[in-house]
Novice: 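Please read through the structure below; I'll follow up with questions.
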Amino acid sequence: MDGPQDLGGKESFGPIEVNSPDYRHDWERRQWALTKLVATPGVTIDWFRHALETMPPAVYLSVPYFQKWNANNMALAIDTGDYTLEECVTGKAIQPGTPAPVLTVDDCETLQRSLHTDFSRAINVAPAFHFGDHVQTDARPTPGHSRLPSYASGAKGQIIAHHGAHVFADAGAKGDHSAHHLYTVEFRASDLWADAECPDDTVCLDLWEPYLASA
Amino acid sequence: MDGPQDLGGKESFGPIEVNSPDYRHDWERRQWALTKLVATPGVTIDWFRHALETMPPAVYLSVPYFQKWNANNMALAIDTGDYTLEECVTGKAIQPGTPAPVLTVDDCETLQRSLHTDFSRAINVAPAFHFGDHVQTDARPTPGHSRLPSYASGAKGQIIAHHGAHVFADAGAKGDHSAHHLYTVEFRASDLWADAECPDDTVCLDLWEPYLASA
Amino acid sequence: MPSFDTKKIEQIHRDLHTHLPSDPALRVKALESLVVEKGLVAQESIDNWIELYAERIGPKRGAEVIARAWTDPAYYDRLINDAGQAVKDFGFEGHATEHTKAVQNTSQTHNLVVCTLCSCYPFSLLGMSPIWYRSAAYRARAVKEPRAVLAEFGVTLPDGVKTRVWDSTAELRYLVIPERPKGTEGWSADQLAAIITRDSMIGTQRELAI
Amino acid sequence: MPSFDTKKIEQIHRDLHTHLPSDPALRVKALESLVVEKGLVAQESIDNWIELYAERIGPKRGAEVIARAWTDPAYYDRLINDAGQAVKDFGFEGHATEHTKAVQNTSQTHNLVVCTLCSCYPFSLLGMSPIWYRSAAYRARAVKEPRAVLAEFGVTLPDGVKTRVWDSTAELRYLVIPERPKGTEGWSADQLAAIITRDSMIGTQRELAI
């Protein structure tokens with residue numbers, strides 16, 4: 001999707017606040033915890049990301065990171081019907097539930113440890129590309145969710161790793177768990193940017209087979 | 001430049017406010033007049049545009065059109081040294097000048113009429129392309145100012161008009177008045193968008209020769 | 001002279017963003033006070049420029065041009081061949097008209113004008129652009145989904161009509177010539193001009209009401 | 001179940017933007033009250049999750065892994081070959097570590113990690129990401145001008161060192177192994193872990209201070 005999330009190479013953002021902390025406000029920590037502790041049933045990682053990138057672009061670029069997560073958590077649960085817009089605005093449940101059990105710090109640690117998720121899948125299709133192959137990425141933006149950034153669209157690179165098949169993000173954003181071969185593709189800076197800082201520098205991206213063609 | 005101005009095809013902007021007026025606030029009219037009546041010496045149309053597109057992207061997308069012009073007028077004159085930042089913030093001149101003469105409505109009309117500017121130039125280079133030629137645009141973003149939008153980058157189209165040579169926008173933004181042949185290129189919607197509404201629809205852009213190669 | 005230095009102007013924009021008040025009315029007031037005090041413009045000139053655009057320059061100019069073209073075949077040809085020259089007959093030349101291009105709607109084609117990179121517009125012919133024309137939504141969507149955009153304006157194209165979107169990327173400015181409605185045979189240019197709307201000359205309206 | 005419908009979720013986001021208060025603290029408070037009242041989470045669990053990240057999960061985990069690799073060649077090989085498995089020795093598996101990839105700095109290469117499309121990060125190994133890592137400026141610039149970005153962090157690469165930027169576009173997460181500083185021969189893993197910083201494991205720091 002050609003949306004505000006596709007920031008790689010975009011200009012005029014100015015200097016990086018290199019000494020910024022992990023959080024500026026207590027609400028940021030609380031939102032981080034809320035996102036991890038309260039999942040909306042059926043939401044895939046890619047639907048979470050895709051939903052986030054459909055925020056109004058001016059808002060996406062203006063508000064702090066965890067404010068986006070807050071809006072997204074609400075949006076995802078309004079979409080499923082789990083919350084209403086009014087509940088989100090008022091913070092009051094139409095139908096209160098039984099209080100949830102308290103998770104101790106140890107419980108939280110156990111939960112956190114369980115969050116590692118294996119996205120690899122066995123598929124019955126041989127990989128189209130191998131180490132060292134030259135490839136070219138799709139030139140035109142893909143409808144819906146995609147993890148091919150525009151700065152690397154239509155560019156030539158080289159396969160430097162094959163990771164087997166992984167759940168395909170574009171499909172995952174539609175609730176479809178089909179998988180495609182995943183590769184790391186290395187691009188020379190000069191093949192991405194007309195004004196590269198140094199032509200020998202490279203950028204590596206993890207890209208699924210449907211984004212790639214032989215070059 | 002891969003900046004916030006490059007809006008064509010970008011998603012999630014939502015419905016158009018089809019009944020919006022020409023202005024919502026009196027300050028918008030006043031800024032419009034200010035921009036046309038007070039020019040900063042040496043500013044070309046393309047430097048004006050390029051300066052505008054270097055605003056912080058979140059601001060570019062958030063604020064009303066004439067607020068951007070206001071900031072840009074200040075920025076352009078701070079750049080030349082005509083105003084200081086402090087003068088812009090306070091609205092007070094460090095060194096007041098002789099009051100300017102009043103332009104009547106008729107004077108304004110005469111001025112407005114004089115604002116038509118011929119951007120065509122005679123050059124001693126034959127055009128590389130002709131009516132009906134198939135061309136392909138540059139695939140990678142151009143450093144600095146450019147009038148090739150990203151949605152039409154790396155795309156194939158057909159020349160439908162040649163306008164002689166016009167001052168080249170990319171150069172104009174650097175104060176250089178060199179000219180290149182200018183063409184109208186028609187693109188089939190299906191050559192621009194994977195999810196075109198109707199493949200027979202077309203989009204026409206006016207593009208200078210340096211953006212184009214034979215296809 | 002301008003620096004023509006991207007990094008420098010970026011930094012100035014960031015400084016302005018940091019130091020100016022957030023209310024745009026205050027910002028414009030500050031700029032106006034400053035330039036008046038510097039003697040670069042008189043306040044009354046600003047008022048008069050505004051009056052010029054309120055009273056004399058507006059879509060009625062474009063309508064007058066098109067009405068003449070509908071009633072004068074030789075002028076129609078001149079308008080199609082060089083609209084920048086043709087509008088000088090009326091004294092309508094001015095801001096952004098030198099390279100005007102007139103594009104005609106037909107039973108097979110509907111034209112729509114946009115400027116995706118800024119908001120270019122034939123000001124001297126159509127007056128100030130509507131806010132929607134300058135909006136990010138219109139700029140983003142008109143090139144990609146012209147039919148969805150037209151639907152929001154209440155326009156459904158008949159079967160077989162293709163859209164041709166003109167993105168004003170250089171100094172050409174586009175003026176859509178709508179189709180002359182049936183039932184206006186024998187109308188005077190003045191009568192015809194009265195039914196030609198701004199939106200029909202941008203392309204967000206197709207049928208003219210008579 | 002989610003609708004997986006782009007137009008629908010866009011509209012919900014616009015509605016939320018229109019109706020929610022602008023202060024994010026109030027928005028988070030509203031969401032917290034709502035989910036507590038619905039019985040989806042207890043307030044104390046939120047406090048405890050925050051404590052978990054404040055006390056137990058942070059860059060010291062990544063430092064411990066790298067210090068072991070520096071002092072244990074067999075572990076180094078396992079880390080390079082399958083970091084997702086190797087970190088399980090420490091019980092450090094968790095959020096976003098399954099497909100961890102360790103990339104080593106050398107005298108010829110400097111690695112830098114970014115996620116241009118969101119802000120992916122190996123949370124379970126490095127804790128919460130710094131605000132700059134999640135910023136638009138870092139996401140936009142790290143891939144295009146890594147050397148200018150490094151300069152802002154105070155890093156100038158020696159001649160002949162090329163940068164390799166890793167954009168985390170899929171579910172692989174990257175951990176940079178900095179070069180082991182000269183003068184640390186014979187140090188224990190604990191001593192070594194103490195000098196390994198978060199930024200050196202993202203790649204915005206190159207030389208470790210000893």
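In the text below, chain A, chain B and the rest are named by the order of the sequence lines, each starting its count at 1.
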Novice: Mind checking which of residues 141-152 of chain D sit less than 4.5 Å from chain A, heavy atom to heavy atom?
Specialist: D:R141, D:V143, D:K144, D:E145, D:P146, D:R147, D:A148, D:V149, D:E152
Novice: Please flag which part of D:S119 lies under 4.5 Å from any non-hydrogen atom of chain A: side chain, backbone, both or neither.
Specialist: both
Novice: Relative to chain A, which segment of D:K38 carries a heavy atom at a distance below 4.5 Å: side chain, backbone, both, or neither?
Specialist: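 Contact with chain A is through both the backbone and side chain of D:K38.
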Novice: In terms of side-chain heavy atoms, does A:D206 have a donor or acceptor partner in D:T169 at a distance below 3.5 Å?
Specialist: no
Novice: Which atoms of A:A189 come close to chain D, meaning under 4.5 Å heavy atom to heavy atom: side chain ones, backbone ones, both, or neither?
Specialist: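 Contact with chain D is absent: no heavy atom of A:A189 under 4.5 Å.
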Novice: Using non-hydrogen atoms only, which part of A:H145 is less than 4.5 Å away from chain D: side chain, backbone, both, or neither?
Specialist: neither
Novice: Find the one option among A:G9, A:G81, A:A93 whose heavy-atom pairs under 4.5 Å with chain D are most numerous.
Specialist: A:A93
Novice: For D:H95, is it the side chain, the backbone, both or neither that has a heavy atom under 4.5 Å from a heavy atom of chain A?
Specialist: both
Novice: Counting only non-hydrogen atoms closer than 4.5 Å, can you tell me which residues of residues 124-138 of chain D sit against chain A?
Specialist: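 Within residues 124-138 of chain D, the residues under 4.5 Å from chain A are D:S124, D:M128, D:S129, D:P130, D:I131, D:W132, D:R134, D:A136, D:A137, D:Y138.
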Novice: Restricting to pairs with a member in residues 14-24 of chain A, which pass salt bridge (charged side-chain N to carboxylate O under 4.0 Å, His left out), not counting sequence neighbours?
Specialist: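 Applying salt bridge (charged side-chain N to carboxylate O under 4.0 Å, His left out) to every pair that reaches into residues 14-24 of chain A, excluding sequence neighbours, yields A:E17-A:R24, A:D22-D:R198.
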Novice: Taking salt bridge (charged side-chain N to carboxylate O under 4.0 Å, His left out) as the test, write out the residues that go with D:D77, two or more places apart.
Specialist: none
Novice: Inspect the surroundings of NE2 in A:H162 and state if more than 12 heavy atoms from other residues, nucleotides or ligands are less than 6.0 Å away.
Specialist: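 Enclosed.
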Novice: Please classify the contact between A:R29 and chain D as side chain, backbone, both or neither, with a heavy-atom cut-off of under 4.5 Å.
Specialist: both
Novice: Sort D:T109 into side chain, backbone, both or neither according to what part of it lies under 4.5 angstrom from a heavy atom of chain A.
Specialist: neither
Novice: Just so I understand: if I count every heavy-atom pair under 4.5 Å between each of A:L103, A:L205, A:V89, A:T117 and chain D, which residue has the most?
Specialist: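 Sorted descending by pairs with chain D, the first entry is A:L103.
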